[in-house]
Amino acid sequence: MELNSLVNRTKQSKNMAQKVCLIRGDGTGPELVDAVEKIYQAANVSIDWVEVEAGLKCVEAGKPIVPDETIEKIREIGVAFKAPMTTPIGKGSVSPNVTLRKRLDLYACVRPVKSLPGVVTPFKDLDLVIFRENTEDLYAQIEYIVAPGVAHTIKLITEEGSRRIAKAAFEFAKENGRKRVTAVHKANIMKIADGMFLRVCQEVAKDYPDIEFYDNIVDNQCMQLITKWKDYDVLVLPNLYGDIVSDLAAGMMGGLGLAPGANYGTNCAIFEAVHGSAPRYAGLNKVNPTALLLTSSLMLGHLGMHDKKKDIEGALDATLAKGIKTYDIGGSATTTEFTDAICSELKS
Amino acid sequence: MNLHGVDVYVRSDDIPNLDESYGNLRLLFMSNRGTKVFPPPAPKFKFIGIFRCRFFSESEVTDQEVDQLLTEITKQGYKTSQFQKLFMLDGVKQFSEPY
């Protein structure tokens, strides 16, 4: 799964290891990155990691949660791989994840949702790709107390922002042989903002006559995903609905420990798992590295390392099919045991 | 709640060329689509045609000072589409910061 037409990748020499910025993250982030690195070693994946700082450690050191040097380095290299980070609560700090997306204008959050072997859910043969607009909507973080006990938040929707995410969804569908794009909105209530999003999606759809286009109100979409998930293919949503529906879909897949994600802009991309940093589980050797591994697999595709991507996904599928699973999906394997099992599959 | 400033939404295709201060109200930042674009460094993205310009004073200001600021910006030739007064309560900001 790739978005070749949208991202101008920084050209790197084919003879050298690909450079990728690495954010090790907070909480369980570093141990999940260790697992991915171990699997890459077993798969002979050669990446020249360029470590950059962001997250809780920066705040504790009195720096911005995402320093300017980190933004500049990611912009220069064009690709970053990021483990989950913690947003300090109640300290007036902004989210490091949203800061990266906003400062680098990573407008397309892409979340593939697919059934995995050995992971039993009521949703057989699930295969969706969610395109969440990543920079606008209520996440513009424009909020005020306008009178005692009265809060206003601005929902920012633009034609430009709506058009580029709609185009990303349709281009992806075209490049990857997908048949249908569904725009999800609440234009029956927010007739102006969501009405604009829907109208722009309808306009973009006219440029892709070979792809079916539907639209759906977000509440109905949630119900339909649970009852008729096979009717859906590519979904395109404004930021807030995209956030909610993609977690719903991750649950349908088997949980957040399995769900990969990528954020694409015009000139760079950041690959990050959907789940949080789970600080309570840090150091317990318990968490599931699947989401971050599948995220890294999206990155390998983006870097053109298709054989390695296939090898790693194959080893993961084989491991899960053998019933080797972490606690979150009904297994008893530790992070290390699960990682080692994938490495063994790669070596065999 | 005590009045300490105002966010003025200024229509412009590029970063507005506003004064650093208007009376007691100092220009803190300008943002576009919720992301700070002034003071530099500005992220590289296509601006939409409206900038949120935050003017703030550490000490309390009056409604008349805010009105005066809006008049001055209009006199400079800028169109504004809305403004939102910024309040503090017991020393705590009653408004969000940009990314």
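The basis for the numbers below is simple: all heavy atoms, side chains too, and nothing from hydrogens, waters or symmetry mates. Residue numbers start from 1 in every chain, and the chains themselves are labelled A, B, ... in the order their sequence lines are given, proteins ahead of strands.
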Donor-acceptor contact present, side-chain A/T99 to main-chain B/Y99, <3.5 Å: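 No.
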Less than 4.5 Å to any heavy atom of chain B: does that hold for the side chain of [X], its backbone, both, or neither?
X: A/E143; value: both
X: A/L156; value: side chain
X: A/V146; value: both
X: A/I71; value: neither

Are side-chain heavy atoms of A/L106 and B/F45 found at a separation under 4.5 Å?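 The answer is no; the side chains never approach within 4.5 Å.
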So, do A/P148 and B/M1 sit near enough that their side-chain heavy atoms are less than 4.5 Å apart?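 Yes; the side chains approach each other to less than 4.5 Å.
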Of all the heavy-atom pairs spanning A/R103 and B/P43, show the shortest one and how long it is.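 Residues A/R103 and B/P43, closest heavy atoms: O-CB, 3.2 Å.
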Go through A/I142, A/T153, A/V66 and name the one with the most non-hydrogen pairs under 4.5 angstrom from chain B.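 Among A/I142, A/T153, A/V66, the one with the most close pairs to chain B is A/I142.
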Between A/I154, A/V98, A/L104, who has the most heavy-atom pairs with chain B when the cutoff is under 4.5 Å?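 It is A/V98.
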Take atom [atom1] in [X]; do more than 12 heavy atoms of anything else shown fall under 6.0 Å from it?
X: A/R199; atom1: CZ; answer: yes
X: B/K93; atom1: NZ; answer: no
X: B/K85; atom1: NZ; answer: yes
X: A/K57; atom1: NZ; answer: yes

B/L86 vs A/Y144, test: side-chain contact (heavy atoms from CB on, under 4.5 Å). Steps then yes/no. CA-CA 8 Å; B/L86 304 173; A/Y144 306 98; 3.6 Å; yes
Between B/R33 and A/D105, does any NZ, NE, NH1 or NH2 come within less than 4.0 Å of an OD or OE carboxylate oxygen?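 Answer for the salt bridge query: yes.
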How long is the gap from CD1 on A/I145 to CZ on B/F95, to the nearest 0.5 Å?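 With rounding to 0.5 Å, CD1 (A/I145) is 11.5 Å from CZ (B/F95).
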Check against side-chain contact (heavy atoms from CB on, under 4.5 Å), B/T35 and A/R101: CA-CA 10 Å; B/T35 304; A/R101 294 170 199 160; over 6 Å; no
